[in-house]
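Source: prediction; values computed, not measured.
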Amino acid sequence: MRFIVALVVSFALVWACAKPLKKHPVPFYVCAVALVALYFWGVSAGVRGEAWSYFQPLMQRCALAFLLFTVVMFVGVLGEGNPLRTHLMPIRRQLSVLACIFACGHIAFYGASYLPRLASAFSGNLAFSLGLAALITALMVVLWVTSAQRVKHAMKAASWKRVQRLAYPFYVLTYVHLALLLMPSAVAGNEVAVLSIAVYSVVMGAYVVLRLRKAAADRLAEPAAAASDLDLEAAPA
């Protein structure tokens, strides 16, 4: 329940802060870095308490980053008149940057935990997990760099769009990575891990359905658009 409450509160904050985030993103980026630093301090200091029990899973399990990436991905597959798309579409780039900052905290935490074990415990499962994490990190870096306005303007529009399509495999692989990361705890009966996997799976399933529906709608719209162009060309001047 704490996990769901934390996610709902996080989304509410994203919704409420949409306009200031669009106008003044830098303070939000600074706050994100500060939250990552707070998380590392809390882990090293062994902080406990009610507030920490809400905050810690969001950071350690990459839930906050996944939430922000989810908003970015869902906004792109919603209908043009959807109020969620209308409200959040202008801040997709800013939300992506925030998600990357939080994801870096997750990567640093688990990197520090697993990398020292490579020499003594490089098993097949560990190798697969780290390889998948490395691939996801590489995709995130590419998407993060190309989301910068200067880089976007320096690239050809067609090339930029092709690179941005890497967001689809990145999002799916992120879900797979998080599910694999949580699976041992879920199998052992950890309720938070079970709930996390359930939430991630429902979100991913909904996204896949909406993505496929939008792709089908786009394919149906192409012949209609082509026919409309032919009618215009054939119309008398």
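Note: Y39 and F109 meet the aromatic proximity criterion, with ring centroids under 6.0 Å apart. The aromatic ring centroids of F66 and Y200 lie less than 6.0 Å from each other.
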Side chain to side chain contact (heavy atoms under 4.5 Å, CB included) between L88 and F74: does it pass, once the steps are laid out?
CA-CA 10 Å; L88 297 178; F74 266 83; over 6 Å; no
Show the numbers, then the answer: is there a side chain to side chain contact (heavy atoms under 4.5 Å, CB included) between M155 and V163?
CA-CA 10 Å; M155 296 176 65; V163 171; 3.9 Å; yes
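Contacts of H177 classified as ring-ring contact (aromatic ring centres under 6.0 Å, His included), with partners at least two apart in sequence or in another chain: none.
Under the 4.5 Å side-chain heavy-atom criterion for ILVMFWY residues, a single connected hydrophobic cluster contains both L84 and V203. Using a 4.5 Å cut-off between side-chain heavy atoms of Ile, Leu, Val, Met, Phe, Trp and Tyr, with links allowed through other members, Y168 and Y171 fall into the same hydrophobic cluster. Criterion: ILVMFWY side-chain heavy atoms under 4.5 Å apart, direct or through other members. Under it, V30 and F40 are not part of a common hydrophobic cluster. Under the 4.5 Å side-chain heavy-atom criterion for grouping Ile, Leu, Val, Met, Phe, Trp and Tyr, V202 is not connected to V208 through any hydrophobic cluster. One hydrophobic cluster, built from ILVMFWY side chains closer than 4.5 Å, holds both L180 and V187.
Contact between L64 and M59 at its shortest, heavy atoms only, is CD2-SD, 4.3 Å. Counting all heavy atoms, side chain and backbone alike, S96 lies closest to F69 at O-CE2, 4.2 Å. Shown here for H106 and Q60, the closest heavy-atom pair between the two residues is ND1-O, 2.9 Å. Taking all atoms of both residues into account, the shortest heavy-atom contact from Q94 to K22 is NE2-CD, 3.8 Å. Considering every non-hydrogen atom in both A18 and I91, the closest pair reads O-CG2, 3.4 Å. When all heavy atoms of C62 and A103 are compared, the pair lying nearest together is SG-CA, 4.2 Å.
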Pairs of donor and acceptor atoms involving the side chains of residues 130-147, under 3.5 Å and at least two apart or interchain, shall be tabulated with distances.
{"from": "T137", "atom 1": "OG1", "to": "A133", "atom 2": "O", "distance (Å)": "2.8"}
{"from": "T146", "atom 1": "OG1", "to": "V142", "atom 2": "O", "distance (Å)": "2.8"}
{"from": "T146", "atom 1": "OG1", "to": "L143", "atom 2": "O", "distance (Å)": "3.3"}
{"from": "T146", "atom 1": "OG1", "to": "Q164", "atom 2": "NE2", "distance (Å)": "2.8"}
{"from": "S147", "atom 1": "OG", "to": "W144", "atom 2": "O", "distance (Å)": "2.6"}

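Rounded to the nearest 0.5 angstrom, L78 CG and T86 OG1 are separated by 9.5 Å. Rounding to the nearest 0.5 Å places CE of M183 at 4.0 Å from CD1 of I197. Once rounded to the nearest 0.5 Å, the distance linking CG of L68 with OG of S10 reads 7.5 Å. Summarising the geometry, atom CG belonging to L98 is positioned 6.0 Å from atom OH belonging to Y29; distances are rounded to the nearest 0.5 Å. Going from atom CH2 of W160 over to atom NE2 of H153 covers 9.5 Å, rounded to the nearest 0.5 Å. Atom CE of residue M73 and atom CE of residue M204 lie 8.0 Å apart, to the nearest 0.5 angstrom.
Partner L95 forms a side chain to side chain contact (heavy atoms under 4.5 Å, CB included) with one of T70, V75, L21, L67 and no other, that one being L21.
Counting only residues at least two apart or on different chains, the ring pair (Phe, Tyr, Trp, His ring centres under 6.0 Å) pairs with a member in residues 75-102 are W15-H87.
Proximity of R93 to K152: side-chain heavy atoms (C-beta onward) are nowhere separated by under 4.5 Å.
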